[in-house]
K.L.:
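Below is the structure I would like to discuss, written out as structure tokens.
The shown structure was predicted, so the numbers you read here are calculated from the model rather than taken from an experiment. Keep in mind that the numbers below use all heavy atoms, side chains included, and drop hydrogens, waters and symmetry copies.
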Amino acid sequence: MPKLTPQQQIRAGLQALLDNKGLSQNDLARMTDVSAANISHLLTGRTDKAMSEEIWNRAAAPLGELAGLRLLSTEGYNAVVATCETARADCGLAVVLGQPGFGKTAALRHYFKRQPNVYFTEFWYSMSRREFFVAVARALAVDAGKRPTLAHLIQRCADKLNANTGSLLIIDEASTMQPEKLNYVRELRERTQHHAGIVLAGVPYFYARLERQAAREREGVPELLSRVGTLTTLPVPTKKELLAVCELNGIGKADAKALLSGARLPEYRTLGHWIRQQRAQAAQ
């Protein structure tokens, strides 16, 4: 079977996203900040119009990393899924903590892509409050209009989440948020608490920092912590799990055992890099 090009992978991934979530092409355009005409062009595979790399990258953003690993139901993956399911069922606020490379983001994206009324976004340190909620609105495929106020953005996002009881908003990289920005997430939480869940995901120091700030009575932090219903910390990947991931992704037992023979085991991200290198060498 011929290997798909990156553009074909993007096209197939976007079509699957539309099918799984019942989105329209206009919804996808709002999510990615790509025009509806260009979305149509990407999906139909027309060859009469060249598309810039920037447009392809923006369109691919909801899909995460291309050519990723096939995922295994590890203890960490199952913990992420259970946390998301609990947050949806309880319309609660949950926190998922994991060291870099433990599979947190991969598991969250995998869950997002396959579940209806589940939305995924990321916070970046350089984002302003308004920029973040513009990103949330895009993730929700909300048409917020031109240059909406922050209050309008938050309300439109809340309205979309409240439209379907059991909706879930996943916010990755939440550990880069400062308290004043988390206060706006708390506001969104309060406006959606009877209809939707929210998952904040970050590294372990995120929650420890929140606890310190709450002890100092940093404005809004004690209120945010009091709303956390589920706290999940991902376990360290085991050698058995790492070997199983290798096998699932076509790596022979001998090669996998050789990689994992050192005193310090790799985490999933490092393992993924190694598997991709093995694939690339095998394809040559």
Side-chain angles (χ1 to χ4, degrees), residues 1-71 77 80-81 84-85 87-88 105-123 132-146 148 153 156-173 188 192 195-199 201:
M1 183 174 180
K3 184 179 179 181
L4 296 179
T5 67
Q7 291 182 355
Q8 289 172 327
Q9 291 181 47
I10 292 173
R11 183 175 295 120
L14 291 177
Q15 190 60 61
L17 191 65
L18 292 177
D19 295 342
N20 290 341
K21 291 189 171 292
L23 298 172
S24 68
Q25 291 188 14
N26 286 336
D27 291 333
L28 186 58
R30 284 191 286 271
M31 288 175 65
T32 58
D33 195 26
V34 173
S35 72
N38 281 336
I39 288 294
S40 176
H41 169 68
L42 296 181
L43 291 173
T44 56
R46 285 172 45 197
T47 59
D48 59 332
K49 180 181 178 184
M51 307 298 290
S52 70
E53 184 177 354
E54 179 187 357
I55 290 176
W56 280 102
N57 288 339
R58 288 213 308 268
L63 304 176
E65 187 176 3
L66 291 174
L69 299 178
R70 295 181 63 189
L71 294 188
Y77 174 86
V80 167
V81 171
C84 290
E85 291 289 299
R88 294 183 76 180
T105 297
L108 289 168
R109 279 192 177 275
H110 193 267
Y111 183 83
F112 146 70
K113 291 176 190 176
R114 287 157 179 77
Q115 297 295 324
N117 303 320
V118 174
Y119 310 94
F120 181 96
T121 192
E122 295 169 298
F123 179 82
F132 170 65
F133 274 98
V134 166
V136 174
R138 286 178 182 157
L140 295 170
V142 166
D143 185 359
K146 294 183 178 180
L153 274 171
R156 289 303 303 272
C157 292
D159 291 343
K160 178 63 178 283
L161 288 168
N162 289 334
N164 295 286
T165 298
S167 296
L168 182 70
L169 175 63
I170 298 169
I171 303 174
D172 200 10
E173 305 295 341
L188 181 64
T192 59
H195 297 281
I198 295 178
V199 171

K.L.:
For a salt bridge (charged side-chain N to carboxylate O under 4.0 Å, His left out) with Arg138, tell me which candidate from Asp143, Asp33, Asp27 qualifies.
P.N.:
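Only one of Asp143, Asp33, Asp27 forms a salt bridge (charged side-chain N to carboxylate O under 4.0 Å, His left out) with Arg138, namely Asp33.
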K.L.:
If only side-chain N and O atoms count, and only distance matters, is there a donor-acceptor pair under 3.5 Å linking Asp172 with Thr105?
P.N.:
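Indeed, the side chains of Thr105 and Asp172 share at least one donor-acceptor pair under 3.5 Å.
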K.L.:
Mind listing the closest non-hydrogen atom pair of Ser35 and Ala29 along with its distance?
P.N.:
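Taking every non-hydrogen atom into account, C-CB, 4.1 Å.
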K.L.:
Look only at the side chain of Thr192 and the backbone of Leu188, and say whether a donor-acceptor pair between them is shorter than 3.5 Å.
P.N.:
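Yes.
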K.L.:
Within a strict 4.5 Å, meaning less than it, do heavy atoms of the Tyr77 and Leu108 side chains meet?
P.N.:
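Side chain of Tyr77 against side chain of Leu108, heavy atoms only: no contact under 4.5 Å found.
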K.L.:
Which heavy atom of Ser167 sits nearest to which heavy atom of Leu161, and what is that distance?
P.N.:
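So the two residues come closest at OG-O, 3.3 Å.
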K.L.:
Is there a side-chain contact between Val136 and Tyr119 (heavy atoms, below 4.5 Å)?
P.N.:
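Side-chain contact under 4.5 Å: no.
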K.L.:
Provide the closest heavy-atom pair for Leu42 versus Ala59 in the form atom of the first, atom of the second, distance.
P.N.:
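Taking Leu42 first and Ala59 second, the nearest heavy atoms are CD1-CB, 3.5 Å.
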K.L.:
If you define the side chain from C-beta out and look only at heavy atoms, does anything of Asn117 sit under 4.5 Å from Thr165?
P.N.:
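Answer no - side chains too far apart.
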K.L.:
Please find the pair of heavy atoms, one from Arg11 and one from Leu43, that lie closest to each other, and give the distance.
P.N.:
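Closest approach of Arg11 to Leu43: CD-O, 3.5 Å.
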K.L.:
With side-chain contact (heavy atoms from CB on, under 4.5 Å) as the test, would you mind laying out the steps for Cys84 and Val81 before giving the verdict?
P.N.:
CA-CA 5 Å; Cys84 290; Val81 171; 5.8 Å; no
K.L.:
Between atom CZ of Phe120 and atom NZ of Lys113, what is the distance when rounded to the nearest 0.5 Å?
P.N.:
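Nearest 0.5 Å value for the CZ-NZ distance: 9.5 Å.
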K.L.:
Take Ile171 and Phe132, measure what side-chain contact (heavy atoms from CB on, under 4.5 Å) needs, and give me the verdict at the end.
P.N.:
CA-CA 10 Å; Ile171 303 174; Phe132 170 65; 3.8 Å; yes
K.L.:
Has Lys160 got a side-chain atom pairing as donor or acceptor with Val142's backbone, closer than 3.5 angstrom?
P.N.:
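Not at all, since once roles are kept as given, no pair shorter than 3.5 Å links the two residues.
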K.L.:
At what distance, to the nearest 0.5 angstrom, does CG of Asn162 lie from NE2 of His195?
P.N.:
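Here the interatomic distance stands at 5.0 Å.
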K.L.:
With rounding to the nearest 0.5 angstrom, report the CD to CD1 distance, Gln15 to Ile10.
P.N.:
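The distance works out to 14.0 Å.
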K.L.:
Kindly indicate whether the side chain of Val118, heavy atoms from C-beta on, has any atom under 4.5 Å from the side chain of Arg88.
P.N.:
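Val118 vs Arg88: side chains touch.
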K.L.:
Do Leu168 and Phe112 make a side-chain contact, defined as non-hydrogen atoms from C-beta onward lying under 4.5 Å apart?
P.N.:
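A side-chain contact under 4.5 Å is absent here.
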K.L.:
Between Arg30 and Ala141, which heavy-atom pair has the shortest distance, and what is it?
P.N.:
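Closest heavy-atom pair between Arg30 and Ala141: NE-O, 3.1 Å.
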K.L.:
Drop me the distance from Leu28's CG to Asn38's CG, to the nearest 0.5 angstrom.
P.N.:
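Here the interatomic distance stands at 11.5 Å.
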K.L.:
Measure the shortest side-chain to side-chain distance between Leu169 and Val199 over non-hydrogen atoms and say whether it is less than 4.5 angstrom.
P.N.:
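With C-beta onward as the side chain, the pair stays apart.
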